[in-house]
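Here's the structure, in structure tokens; my notes come after.
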There are 2 protein chains.
Amino acid sequence: MSMADGPGTQAHVGEALLYLTDEQLRQGIEAMYFAYRAFTADPDRILQGLDYGRAHHRAVHFINIVPGTTVNNLLSILGVTKQSLNRVLRTLIEDGLVESRVGRADKRERHLFLTEAGKELEHRLSDAQRARMRAAYRQVGPEAVAGFRKVLEAMMDPEMRRHYSGLREVRG
Amino acid sequence: MSMADGPGTQAHVGEALLYLTDEQLRQGIEAMYFAYRAFTADPDRILQGLDYGRAHHRAVHFINIVPGTTVNNLLSILGVTKQSLNRVLRTLIEDGLVESRVGRADKRERHLFLTEAGKELEHRLSDAQRARMRAAYRQVGPEAVAGFRKVLEAMMDPEMRRHYSGLREVRG
DNA sequence: ATTGGAATGTCAACAACGCTGACTTAAAGT
DNA sequence: ACTTTAAGTCAGCGTTGTTGACATTCCAAT
């Protein structure tokens, strides 16, 4: 199976697997590329000029989802180094968007929360992103959306899937 | 509609629109984030150590799709500045992965082609990416895949959709 | 109580890849 | 002739990722 397959291996099998053609897969790959660019364009536009970037958006997003998360936990969700995250967190804390509270049980840990200002930025960013996704969802209907979610979940690494809130019981 | 809507606007409308809840949209957003990370992980792994990055991958990908494309056309597909693209193209040409031919009709233009070595790298990269997508497609079946593609296409900016090969008649 | 390790933070350096601005060359259009 | 277009180049900068080294603080185990 996998990479040893020549191009178009599935093309001769029959109509039932036509969606597994190399050409079909390539179109899916391009669709991911262009859609992801659109997906990030709106928040990026808001962030630019605030001295913030995509990394700040991600931090604010996940602190909002899991308030009180530790730095280490955030690291494993975001999959970056602590130095990289620290640079982002520092500016967010300095600017009063994120609060870092020393842990009670373990004082080494820092628990992260959004301030009111932080929540406001998070809302602006996610509103923009949701607007685009809502428009797309409306266009295509519930069945397509269900398929969309299924494929994305199947594409994730198991490591990442653990962090994916769609499969968590949290808040639901 | 759009950003003026309060959170959860759609939640009270009924079961038919439950997939448009802010919470459902947020899960879609996160799914995009985690899936895209997985989606780029395999090629990134190959590229790292070759002195290449994601930008090289994209250039090689689209030169493969539209052989003989001009630099300007590639710029509009990729949505970057010519300086940014030039840095990438220069190394690819120096390393013998891309060939740049002066245009016949318009000698200002350079037409870009993959060399054999370039085609080989393109194949390695797309094989890795296709393997992941094929596995996901197999797991979820054709209907989910169709929905996946529909949502992605609906999410694209019209500008980007023009470049999306899934809607082109080229090669098909 | 001292030691070992975990969690966090900081400093420095570097790479990839976006960006702007300025400028050149060559060729095409008018 | 003049302007515009395509491409390339140089210089500089910003964001965000990376390593490596090191300090601090604190828990936990010997």
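Here is the naming used below: chain letters follow the sequence lines, and residue numbers restart at 1 for every chain. Note that the structure is a prediction, hence the values are computed from the model and not measured.
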- line: Contacts of A/D44 meeting salt bridge (charged side-chain N to carboxylate O under 4.0 Å, His left out) (sequence neighbours excluded), chain-then-number -> A/R54
- prompt: Taking the six-membered ring for Trp, are the ring centroids of A/F62 and B/Y33 within less than 6.0 Å of each other?
  reply: yes
message: Restricting to side chain to side chain contact (heavy atoms under 4.5 Å, CB included), what partner residues turn up for B/A146, sequence neighbours left out?
response: none
Side chain to side chain, A/Y36 and B/M32, heavy atoms closer than 4.5 Å: yes
- prompt: Of all residues at least two apart in sequence or in a different chain, which pass the side-chain hydrogen bond (donor to acceptor under 3.5 Å, both in side chains) check with A/T115?
  reply: none
field: Within residues 78-89 of chain B: residues closer than 4.0 Å to DNA chain D (heavy atoms)
entry: B/K82, B/Q83, B/N86
query: If you walk 5' to 3' along DNA chain D, what is the first nucleotide with an atom under 4.0 Å of a heavy atom in chain B, and what is the last?
result: D/dT5 to D/dC10
statement: Residues passing the salt bridge (charged side-chain N to carboxylate O under 4.0 Å, His left out) test with A/R90, sequence neighbours excluded, are none
- request: Apply the test salt bridge (Lys or Arg N to Asp or Glu O under 4.0 Å) to residues B/D42 and B/R130: give CA-CA distance (whole Å), side-chain angles for both, the deciding distance (0.1 Å), then the verdict.
  value: CA-CA 10 Å; B/D42 306 312; B/R130 270 198 303 269; over 6 Å; no
Pairing of B/R132 and A/D157 as salt bridge, 4.0 angstrom limit: yes
- line: 5'-most to 3'-most nt of DNA chain C touching chain B (<4.0 Å, heavy-atom partner on protein side) reads C/dA16 to C/dA28
Interface residues of residues 97-114 of chain A with DNA chain C (non-hydrogen, below 4.0 angstrom): A/R108, A/E109, A/R110
task: For B/N73 and for A/A55, locate the closest nucleotide of DNA chain D by heavy-atom distance; then report the residue assigned to the nucleotide nearer the 5' terminus.
output: B/N73
task: Sequence neighbours left out, what passes salt bridge (charged side-chain N to carboxylate O under 4.0 Å, His left out) with B/R104? Give chain and number order.
output: none
Could you pull out all donor-acceptor pairs under 3.5 Å where a side-chain atom in residues 75-83 of chain A meets a protein atom, sequence neighbours excluded?
{"from": "A/S76", "atom 1": "OG", "to": "A/N73", "atom 2": "O", "distance (Å)": "2.9"}
{"from": "A/T81", "atom 1": "OG1", "to": "A/S84", "atom 2": "N", "distance (Å)": "3.3"}

query: Between A/H61 and B/E30, is any side-chain donor less than 3.5 angstrom from a side-chain acceptor?
result: yes
query: Can you name the salt bridge (charged side-chain N to carboxylate O under 4.0 Å, His left out) partners of B/R37, sequence neighbours left out?
result: none
query: What nucleic acid atoms does B/H56 come within less than 4.0 Å of, heavy atoms only: base, sugar-phosphate, or nothing?
result: sugar-phosphate
statement: The side chain to side chain contact (heavy atoms under 4.5 Å, CB included) partners of B/V60 (sequence neighbours excluded) come to B/L92, B/L114, B/E122
